[in-house]
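Read through the structure below, which is laid out as structure tokens, and then see the notes.
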Amino acid sequence: MPNKELLLIPGPTPVTDEIKAALAAETWSHTDPRFVRIVEHSLEMTRDLLGCHDGEVFVVAGSGTLAMEMAIVNTVAPGERILVLSQGYFGDRFEALANSFGVEVDVLRSEWGKRVCPKLVEEQLAKHEYKAVTVTHVDTSTGVEADLDTLVPLVKRHGALFVLDGVCATAAVEENMSKAYQGNPDYKIDVVLTGSQKAIGVPPGLLVLGFGPKALAAREAMERIPAYYGDIKNWIPIMHNPGKYFATPAVNMVYAYEVGLETIMKEGLEKRYQRHRALGRAMRAALATFGMKALADESVAAPTLSCVLYPEGVEDAAFRSALAQRGVVVAGALASLAGKAFRIGHMGNTTLDDFKRALRVMAEVLKNMGKDVDGEQAIAELERVFHENLK
Ligand SMILES: *Cc1c(COP(=O)(O)O)cnc(C)c1O
């Protein structure tokens with residue numbers, strides 16, 4: 001049998017056999033008490049995952065983009081203004097989305113590979129009153145991680161809602177809605193949104209949302225919103241009593257999600273966050289031995305994925321297709337970086353062995369392209385940096 005394909009794109013991420021088995025189980029009625037228990041257990045674990053204990057969590061069929069949309073339309077009315085902090089492609093998506101709903105939007109954009117400067121954020125927040133500020137925790141186009149310790153207090157001091165896109169971070173980088181930043185109970189994340197297929201490690205198909213008390217109050221303050229399926233008011237009764245019907249849940253995806261969250265909770269959130277940070281650093285160090293440098297400086301680089309620049313003489317399409325022929329799938333870069341870099345995910349339920357295999361295959365491909373590289377040296381560097389960072 002050929003080697004199992006190693007899907008190292010920034011999502012979907014590899015799905016474990018246990019999760020796949022859950023997907024293949026008998027489809028029960030969505031009102032069957034046995035299914036209701038699975039939903040309740042999944043929601044309970046979701047509350048723990050997001051630290052969302054005094055708000056509401058939602059698990060609904062849809063992708064991360066619908067979660068972004070629900071986060072905006074349920075908190076911001078048409079004509080109100082938001083500030084988007086964009087560190088790449090998915091940051092920019094908030095601007096397009098806000099435009100579609102008649103929400104006024106200002107954007108602060110960083111150079112790709114850098115963070116938005118907090119000083120500029122401060123200045124911008126002083127200029128206007130914003131209903132919400134959107135932050136992409138890890139922008140999947142650049143591999144840059146936003147600094148929540150700086151941004152949450154900054155935004156909350158100005159009274160805007162803090163909306164966090166966690167699609168490439170949730171379950172791999174801490175996102176705790178109960179955390180009072182700088183010890184101030186007003187300095188909390190108001191909305192976390194994500195999809196099932198990235199750091200959570202479940203196939204695509206579910207969105208996950210956490211709404212804190214202030215975000216819920218923002219929805220309450222609006223009579224009608226330009227959404228029906230995406231209106232959290234239609235979902236709150238279902239999340240409280242999953243035996244009720246609003247729209248048919250993706251039954252088998254919920255089975256898979258339950259097992260996915262059990263996998264996460266069994267590992268432990270703290271351990272999982274540490275593992276991801278160590279793995280990110282280790283992969284970048286290992287790739288550096290091939291003369292491949294990450295776009296983002298190590299001080300801002302994400303635990304979950306890296307955007308890696310090609311050295312001279314390595315052609316993007318040829319490199320990626322040679323890897324794919326050997327069972328290792330990485331992604332191309334987006335926009336102006338297309339052809340100049342590739343993106344590799346190191347998140348979810350991936351293991352150190354997966355990355356040893358990936359490095360071995362990359363070394364073989366690079367050698368065939370005439371590069372003088374050493375796969376075993378890269379693997380030694382991977383292991384050294386990984387274990388050093390686990391302490
Ligand atoms: C993938 C991604 C999205 C979009 O999610 P879909 O599930 O593709 O709709 C949004 N934000 C970030 C940061 C992402 O990585």
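Counting starts at 1 for both ligands and their atoms, following the listed order. Just so you know, residue 1 is the first one in the sequence shown, and it goes up from there.
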Residue, atom name and distance, where the atom is the protein heavy atom closest to atom 15 (O) of ligand 1: T140 OG1, 2.2 Å
Protein contact to atom 5 (O) of ligand 1 [nearest heavy atom, distance to 0.1 Å]: G64 CA, 3.5 Å
Geometric N/O contact D165 with ligand 1, under 3.5 angstrom: yes
Subset of ligand 1 atoms that lie under 4.0 Å from at least one heavy atom of T136: 13 (C)
Pairwise distance CG(L50) to CE(M45) - rounded to 0.5 angstrom: 12.0 Å
Ring centroid separation H30 to Y245 under 6.0 Å: yes
Under 4.0 Å to a heavy atom of M68 - the qualifying atoms of ligand 1, by number: 10 (C)
Y89, OH: over 12 other non-hydrogen atoms inside 6.0 angstrom: no
Axial cation check for F246 ring with K244, 6.0 Å and 45° limits: no
Interatomic distance, L216 atom CG to I236 atom CD1 [nearest 0.5 angstrom]: 5.5 Å
Any H137 heavy atom less than 4.0 Å to ligand 1: no
Nitrogen or oxygen of D139 less than 3.5 angstrom from that of ligand 1: no
Check: R343 side chain, L305 main-chain N or O, donor-acceptor pair, under 3.5 Å: no
Shortest protein contact, atom 10 (C) of ligand 1 (heavy atom only): F90 CD2, 3.3 Å
Cationic tip of K198 above F90 ring, under 6.0 Å, 45° of axis: yes
Flag if over 12 foreign heavy atoms under 6.0 Å of NZ, K233: yes
Cluster link F94 to L66, ILVMFWY, side chain under 4.5 Å: yes
Which segment of V138 sits under 4.0 Å of ligand 1 when only heavy atoms are counted: backbone
Nearest-contact summary for atom 8 (O) of ligand 1 - protein heavy atom, Å: Q197 NE2, 4.0 Å
Polar proximity ligand 1 side, K198 side, N/O cut 3.5 Å exclusive: yes
Whether C168 lies under 4.0 Å from ligand 1, heavy atom: yes
Interfacing atoms of ligand 1 (cut-off 4.0 Å, heavy-atom, S63): 6 (P), 7 (O), 9 (O)
